[in-house]
K.L.:
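This is the structure I want to talk about, given as structure tokens.
Start at 1 and go down the list; that is how both ligands and their atoms are numbered. Numbers here simply count residues along the sequence, with the first being 1.
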Amino acid sequence: MELKEAILGRRSIRQFLAKQVPEKTIKEILKEAVWCPSWGNTQPWEVKIVTGPVLEQLKKENKEAIVSGKDPAPDIPMPENWPVPMKKRYANVGKRVFDSLSIARNDKKGRREHYADMFAFFDAPALLLFTTDKRLAVEYSLLDIGIFIQNFCLLAYERQLGTCVMAAAIHFPEILRRLCSIPDDQRIVIGIALGYPDKKHPVNQFERERIPLEDFVRE
Ligand SMILES: Cc1cc2nc3c(=O)[nH]c(=O)nc-3n(C[C@H](O)[C@H](O)[C@H](O)COP(=O)(O)O)c2cc1C
């Protein structure tokens with residue numbers, strides 16, 4: 001597959017087929033994705049592959065936590081405010097997701113169910129959790145891990161796999177530490193839901209947007 005095809009074709013997947021991803025495949029992707037730049041080649045990431053009964057328990061507890069109104073306490077604080085253009089883009093993607101699922105603006109129950117589903121990682125058959133040593137400067141670790149995860153998503157796409165990078169996976173680190181044996185000295189950065197995409201599902205088909213060049217390139 002051409003690199004450009006992978007970059008343009010990858011999209012966030014929010015509905016997966018009930019088909020397991022072989023651990024061997026996940027490890028092959030990780031072995032390739034690790035060939036990314038990082039500050040001073042520090043490679044400051046650790047990755048937990050979560051599948052099977054542990055993942056099912058994690059989906060259950062993460063979902064229960066959000067549904068019961070538990071206060072999130074992520075290791076990486078969630079952004080609370082966005083300048084107007086970003087806020088608009090954020091709202092737009094939310095609208096497209098809800099429209100594709102035929103959930104109306106005033107359908108509170110439908111919206112709640114979608115969020116609950118999101119906190120169960122859209123029922124993906126695998127979840128990858130990326131962590132980094134808490135002693136490291138957080139900004140550069142995040143940058144390094146960001147580069148790694150894009151490699152991961154593209155390499156997964158090349159193998160017909162779907163991914164969704166998920167902040168919703170890391171709202172409740174206490175649950176992740178307990179169920180996935182992540183030590184306290186690791187900062188939990190991000191999760192990636194992984195599985196075979198249900199390509200025909202509308203939530204995986206809506207049109208996506210990107211800003212035009214003149215909106216982000218300054219002469
Ligand atoms: C750091 C980060 C966190 C994200 N968290 C979520 C999430 O919790 N739930 C979700 O549905 N999508 C999440 N996404 C996916 C974005 O919504 C998606 O990447 C964006 O809308 C662009 O769409 P595309 O990935 O299909 O190109 C996240 C993406 C990133 C990079």
K.L.:
Is a side-chain N or O of N62 found less than 3.5 angstrom from the main chain of A168, in a donor-acceptor match?
P.N.:
yes

K.L.:
My understanding is that only residues two or more places apart in sequence, or in another chain, count here; which of them pass side-chain hydrogen bond (donor to acceptor under 3.5 Å, both in side chains) with D75?
P.N.:
R177

K.L.:
Going by the rule side-chain contact (heavy atoms from CB on, under 4.5 Å), which residues pair with R159 if we only count those two or more places apart in sequence or in a different chain?
P.N.:
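side-chain contact (heavy atoms from CB on, under 4.5 Å) list for R159, sorted by chain: T25, E28, I29, E32, L155, L161.
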
K.L.:
Measure from the ring center of F130 to the ring center of F148 and say whether it is less than 6.0 Å.
P.N.:
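For F130 and F148, the ring centres are under 6.0 Å apart.
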
K.L.:
Compare every heavy atom of A104 with every heavy atom of R111, then report the nearest pair and how far apart it is.
P.N.:
NE-O, 3.5 Å

K.L.:
Which protein residues have a heavy atom under 4.0 Å from ligand 1?
P.N.:
R10, R11, S12, R14, V93, M118, F122, C164, V165, M166, A167, A168, I190, R208, R210

K.L.:
Among pairs that include at least one residue of residues 153-187, which meet ring-ring contact (aromatic ring centres under 6.0 Å, His included), considering only residues two or more places apart or in two chains?
P.N.:
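Non-adjacent pairs meeting ring-ring contact (aromatic ring centres under 6.0 Å, His included): F119-H171.
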
